[in-house]
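The next block holds one structure in the form of structure tokens; read it before the comments.
Within every chain, numbering begins at 1; the chains are lettered A, B, ... in the order of the sequence lines, protein sequences first and strands thereafter.
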Number of protein chains: 2
Amino acid sequence: MKDIDIDQRRKKVLCAIVDSYVETAMPVGSRTISQRFRRSVSPATVRNVMADLEEMQLIMHPHTSAGRMPTDRGYRFYVDSLLEPERLTKEEESVINKLLTRECRDFDSLMRASSRAISMITNVAGIVLTPRLKRSIFKHIEFISMDSSRVLTVLITNSGLVKNSVMDLEDEISRSELFRISEFLNHELEGISLGDIKDYLTRRLLEQCDSFYNFLKKAMLVISSPSLLRMDDRVYYEGTTSLMAYPEFKDIAKARLFLRFLEEGKDVLDLFNEDMEKEGIKVHIGKENSCKEIQECSIITSNYKIQHRTIGAVGAIGPTRMEYGKVISAVSYLSEMLGKVLEDIG
Amino acid sequence: MKDIDIDQRRKKVLCAIVDSYVETAMPVGSRTISQRFRRSVSPATVRNVMADLEEMQLIMHPHTSAGRMPTDRGYRFYVDSLLEPERLTKEEESVINKLLTRECRDFDSLMRASSRAISMITNVAGIVLTPRLKRSIFKHIEFISMDSSRVLTVLITNSGLVKNSVMDLEDEISRSELFRISEFLNHELEGISLGDIKDYLTRRLLEQCDSFYNFLKKAMLVISSPSLLRMDDRVYYEGTTSLMAYPEFKDIAKARLFLRFLEEGKDVLDLFNEDMEKEGIKVHIGKENSCKEIQECSIITSNYKIQHRTIGAVGAIGPTRMEYGKVISAVSYLSEMLGKVLEDIG
DNA sequence: AATAGCACTCTAAGTATTAGAGTGCTAATG
DNA sequence: CATTAGCACTCTAATACTTAGAGTGCTATT
């Protein structure tokens with residue numbers, strides 16, 4: 001190893017430190033690294049390299065006589081520059097495939113199966129956001145009379161999401177009118193994204209006059225029913241129990257704060273929504289996260305798409321000390337598969 | 001206190017031990033009890049009573065020089081004979097009411113709000129089972145064409161549960177036939193419980209002959225679509241994070257087993273299903289539970305009803321050391337309210 | 001530049017000590 | 001006779017003390 005570029009060696013050492021620390025959760029000593037390289041370098045040399053890496057703030061000391069562990073910056077460098085892309089094994093892929101196809105009948109199950117799939121393969125918590133209603137595309141609407149004053153609206157989107165909501169009509173609109181409205185909407189809104197519907201109808205409204213005007217207005221009233229297009233974006237997560245086995249969560253108070261953070265859901269939702277604007281795999285490491293509850297955690301996210309349109313996001317969360325390679329591949333693969341499954345059932 | 005029936009005193013002491021232990025989680029000494037009775041009895045006397053209670057296996061010693069704590073039998077006696085029924089405060093009731101009415105638009109939210117309501121008020125985990133499909137009553141069915149081969153079935157029950165499921169038709173049944181089938185079913189099945197539908201149709205089938213026979217057979221095929229009446233009974237639970245604050249869960253390994261137990265869900269479902277056959281509030285204390293993961297926990301369950309028919313169950317789970325009075329009232333009140341809310345939206 | 005050697009540091013695990021909370025028993029008391 | 005005071009005894013949990021060993025950083029050597 002003598003004639004290797006010094007920077008190359010630094011990289012290798014950092015890599016070894018990360019790998020070893022991820023595996024054992026113990027600060028890594030120079031002896032260990034030396035052995036990892038089959039003694040082709042002495043511990044003393046490794047110590048010198050380590051001193052350099054520490055100066056670069058890529059690794060740190062918990063105390064004088066302890067080994068080194070990666071800093072957030074260290075992980076960042078590892079993820080950006082050292083990690084070569086890997087694929088899940090055939091077995092792992094088939095676990096995901098089976099789970100998704102088995103549970104795809106019902107939307108709720110599919111979401112839960114997806115988050116469970118990630119957590120099973122990566123051993124960290126899996127997170128799945130339901131398809132954003134606003135990004136989904138209108139497919140069909142149908143009104144079903146429940147009793148004298150109430151109507152069940154069934155809205156079908158291209159993501160296979162069927163949204164039921166009950167409307168109180170109070171006799172403003174007759175049944176026959178409602179039937180005409182549904183015919184009109186089904187014809188008119190084909191292929192329009194739910195987020196654009198109101199704008200679209202408003203524009204139509206301005207173009208029209210007289211007799212059709214009132215009809216359109218009623219149609220608009222119906223489609224604007226608060227519960228119908230209301231965001232009920234939900235965060236599914238699973239696998240927190242596996243997380244509790246990590247030494248990082250041995251302090252139950254910390255574990256509790258973390259769980260509360262997930263249970264609360266708001267911040268998770270915001271984070272994922274923000275990430276959804278960007279393409280590809282996103283990685284947030286430790287202190288890079290603005291929420292203090294998860295500053296010792298890392299989050300990996302990815303979008304899933306239907307017909308090349310991003311409609312939702314999946315991800316994983318666990319301690320900063322995680323197997324980034326595997327988690328990234330799992331999140332990536334799942335996002336792809338979930339898109340496909342949704343496309344099939346949509 | 002001298003001239004009080006000796007049994008009466010034992011009861012009071014047991015009661016005091018339970019109350020104090022529930023509050024502090026520390027074994028209760030004779031001094032403490034004596035003070036609780038404003039020194040009307042001396043610690044020595046209390047010690048004698050305690051010795052009796054211990055002989056009856058209602059309380060125990062963790063070790064010689066520690067105070068007493070209730071045994072499972074002790075809690076059982078406390079719950080059955082000592083606890084007088086209490087009501088939630090107006091504030092607590094209004095917390096439940098607000099939560100349920102605010103989240104009642106959508107079924108999933110309602111279930112989650114219910115479990116959260118229990119956990120918020122009792123500080124233990126709240127559990128809610130979705131209305132059993134088989135116990136619900138048929139209200140309306142509608143078929144919506146999705147594409148050439150698939151049909152979305154929308155089944156509405158009296159519990160407001162709207163069940164969507166997709167059917168692959170493969171041209172066995174024409175659209176017009178399907179329409180006639182829905183009209184037939186809507187007319188015929190009014191008021192029949194979903195669990196009885198198959199039997200009912202089979203009976204009808206045997207009565208009929210010739211032309212109508214084939215029609216009935218197709219109707220039956222449709223209603224028997226595996227995903228339609230398939231049990232997808234689900235367990236909602238919330239409030240596990242509050243649970244983690246209890247000293248009982250300071251051992252993270254135990255906490256993990258417990259969480260896994262809930263996450264798994266199967267055993268919870270079985271337990272609640274079994275309890276559903278019985279009326280009123282059911283209490284399972286510690287070792288009375290057959291699942292070893294929860295033998296240091298107690299479970300309180302109650303049914304909820306629509307039109308006097310039991311269709312589901314709610315409950316709470318926490319450490320045996322819980323405020324039984326409050327938890328029982330909360331579960332009881334919630335089950336009542338949930339039934340009402342479901343009746344309203346059904 | 002790489003390595004061996006060595007003094008030095010710090011933790012974590014094990015051991016010892018001790019204060020005090022609480023008991024159970026016995027004898028005294030109204 | 002039920003109740004109580006007194007007292008010796010027990011056990012825990014907290015604190016302090018000790019020590020082995022893992023690992024470093026520096027210096028001298030190859």
Notebook entry, point to check: Is the backbone of B/T122 close enough, under 3.5 Å, to the side chain of B/K326 for a donor and an acceptor to pair up by distance?
Noted result: no

Below 3.5 Å is the cut-off: list the nitrogen or oxygen pairs between protein and nucleotides 25-30 of chain C, distance only.
none

Next item on the list: Round to a whole Å and report the spacing from CZ of B/R31 to P of D/dC7.
Entry: 16 Å

Check: In terms of side-chain heavy atoms, does B/R87 have a donor or acceptor partner in B/S329 at a distance below 3.5 Å?
Finding: no

Check: Roughly, in whole Å, what's the span from CD1 in A/I33 to C1' in D/dA22?
Finding: 15 Å

Distance-only check: which donor-acceptor pairs under 3.5 Å involve side-chain atoms of residues 290-299 of chain A, not counting sequence neighbours?
from	atom 1	to	atom 2	distance (Å)
A/Q295	NE2	A/N289	O	2.8
A/S298	OG	A/Y324	OH	2.7

Check: In Å, rounded to the nearest 0.5 Å, how long is the span from CG of B/L88 to CD1 of B/I96?
Finding: 5.5 Å

Check: Tell me: CD of B/E54 to C1' of C/dG22, nearest whole Å?
Finding: 13 Å

Notebook entry, point to check: Quick check: does any side chain N or O of A/S20 sit under 3.5 Å from a backbone N or O of A/I17, one acting as donor and the other as acceptor?
Noted result: no

Margin query: How many whole angstroms separate atom CE of B/M26 from atom C1' of C/dT23?
Written below: 16 Å

Check: What are the two closest non-hydrogen atoms of A/R9 and A/V41, and how far apart are they?
Finding: NH1-CG1, 3.9 Å

Check: What integer distance in Å separates A/D52:CG from D/dC26:P?
Finding: 12 Å

Item checked: Listed nucleotide nearest any side-chain atom of A/T45, set C/dT3, C/dG24, D/dT24 -> C/dT3

Notebook entry, point to check: A/S30 side chain: which of D/dG25, D/dT24, C/dG24 is closest?
Noted result: D/dT24

Margin query: Looking at C/dA2, I'd like to know if its phosphate oxygens (OP1 or OP2) sit under 4.0 Å from a side-chain N or O belonging to A/R9.
Written below: yes

Margin query: Looking at A/L58, is its backbone amide N or carbonyl O close enough to the side chain of A/R73 to form a donor-acceptor pair, meaning the two atoms are under 3.5 Å apart?
Written below: no

Check: Where the side chain of B/K282 meets the backbone of B/D275, is there a donor-acceptor pair that is under 3.5 Å apart?
Finding: yes

Item checked: Whole angstrom value for the distance that separates C1' of C/dT23 from NE2 of B/H61 -> 6 Å

Hey, what are the protein-to-nucleotides 7-11 of chain C N/O distances that come in under 3.5 Å?
from	atom 1	to	atom 2	distance (Å)
C/dT9	O3'	A/T64	OG1	3.3
C/dT9	O2	A/S65	OG	3.3
C/dC10	OP1	A/T64	OG1	3.4
C/dC10	O5'	A/T64	OG1	3.4
C/dC10	O2	A/S65	OG	3.1

Next item on the list: Respond yes when some side-chain nitrogen or oxygen of A/R68 is under 4.0 Å from OP1 or OP2 of D/dG25, and no when none is.
Entry: yes

Next item on the list: Examine the side chains of B/R47 and B/S30 and answer whether a donor and an acceptor come within less than 3.5 Å of each other.
Entry: yes

Next item on the list: Take atom CE of A/M60 and atom P of D/dG23, then tell me their distance rounded to the nearest Å.
Entry: 16 Å

Next item on the list: Starting from P on C/dA2, measure out to CZ on A/R39 and report it in whole angstrom.
Entry: 17 Å

Next item on the list: Return the nearest nucleotide to the side chain of A/M50; candidates are D/dT24, D/dG25, C/dT3.
Entry: D/dT24

